[in-house]
Amino acid sequence: MIKQAIIPLAGLGTRLLPLTSVFAKELLPMNGKPGVEYILDECIDAGIKEVVFIISNKKKIIKKYFYNDNFFKKIIKKKRDKRLIDEYKKIKRYKKMIKFVYQNKPLGTGDAVYKTKRFIKDNFFLMLLPDDLIIKKNCSKAMISIHKKKKCSVMASMKVQRKTVNRWGIYMKKNNIDKKNFFIRDVIEKPNTKDAPSNNAVIGRYILPKKIFKILKNQKKGKGGEIHITDAIRTLIKQKNKFIGHNFDGKYLDCGTMHGYIKSSLEIAKS
Ligand code: G1P
């Protein structure tokens, strides 16, 4: 069973400046609720019991958000507001399941994952990238059920426009398992249009094996001078570890850019 999830939250959020000069992008409200709560709710609904947040000193505001129960307590004492009491209970429930770890240098997603090594107990764990919201259907839940059947790694996949392949990790398919799932032959981080093996992109939901930490320990910097999780996954595939690409049913919302954030907020408000 997959019981643990990790969420990299140390990114600088430069694509959302100026908001992110003083605020963590993952706390920005989408229809009145911080983006990261949608991610946490997806985890809880998928049966996850413990979540490791990778934050940085600059993003301590995220920890504060989940550790401010005394602030709620004081106000609730004076004012027994039903809405506040519910919010307080919700925050306390989240707090119980979250552990924090720090990544103070933005060295990339691979480095962020490596920071969680000492927390991961089981052979497989889930990772969710908070810029990628998936609504209407729980993508993590669907991936966990595929993992249960096939006992291997699973990653979310979505077709993107060919001209945008250099913004994503891109899959090379091996063979289809069924309409929604395929075995992955290779995956390339942000290829040029001419080098891209397909237009099937990696979306931020991954079921990864614990053994990825061994690879990450020596993982060299890749594209843009960052340590990419995609490169470590590539090595595991070369070592004959099975990875499945899952074309999810839900609706994808990109929250990592200003345009995407505004569009996603409107979309969530409608749904
Ligand atoms: C990361 C991954 C990339 C993936 C993308 C999905 O890129 O490195 O492979 O396609 O998330 O959102 P980033 O968005 O951090 O540039």
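Below, all heavy atoms of this structure are taken into account, side chains as well, without hydrogens, waters or symmetry copies. Numbering of ligands and ligand atoms starts at 1, following listing order.
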So do L253 and I135 actually touch side chain to side chain, heavy atoms under 4.5 Å?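 Of all side-chain heavy-atom pairs linking L253 with I135, at least one is under 4.5 Å.
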Is there side-chain contact between K82 and D86, with at least one heavy-atom pair below 4.5 Å? yes
Give a yes/no verdict on a cation-pi contact between K95 and Y67, requiring under 6.0 Å between NZ or CZ and the six-membered ring centre and an angle within 45° of the axis. yes
Proximal protein residues to ligand 1, non-hydrogen atoms under 4.0 angstrom: R15, L129, D132, R167, W168, G169, E189, K190, V202, Y206, T230
For residues 264-271, which side-chain N or O atoms pair as donor and acceptor with protein atoms under 3.5 Å away, sequence neighbours left out?
{"unit_1": "S264", "atom_1": "OG", "unit_2": "D254", "atom_2": "O", "d": "3.1"}
{"unit_1": "S264", "atom_1": "OG", "unit_2": "G260", "atom_2": "O", "d": "2.6"}
{"unit_1": "S265", "atom_1": "OG", "unit_2": "Y261", "atom_2": "O", "d": "2.7"}
{"unit_1": "S271", "atom_1": "OG", "unit_2": "I268", "atom_2": "O", "d": "3.0"}

Pairing residues for F213 by the ring pair (Phe, Tyr, Trp, His ring centres under 6.0 Å) criterion, not counting sequence neighbours: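 Result, ring pair (Phe, Tyr, Trp, His ring centres under 6.0 Å) vs F213: F125.
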Name the atoms and distances for all side-chain donor-acceptor pairs under 3.5 Å in residues 10-21, with sequence neighbours left out.
{"unit_1": "T20", "atom_1": "OG1", "unit_2": "G13", "atom_2": "O", "d": "2.7"}
{"unit_1": "T20", "atom_1": "OG1", "unit_2": "L16", "atom_2": "O", "d": "3.4"}
{"unit_1": "T20", "atom_1": "OG1", "unit_2": "L17", "atom_2": "N", "d": "3.3"}
{"unit_1": "S21", "atom_1": "OG", "unit_2": "P18", "atom_2": "O", "d": "2.8"}

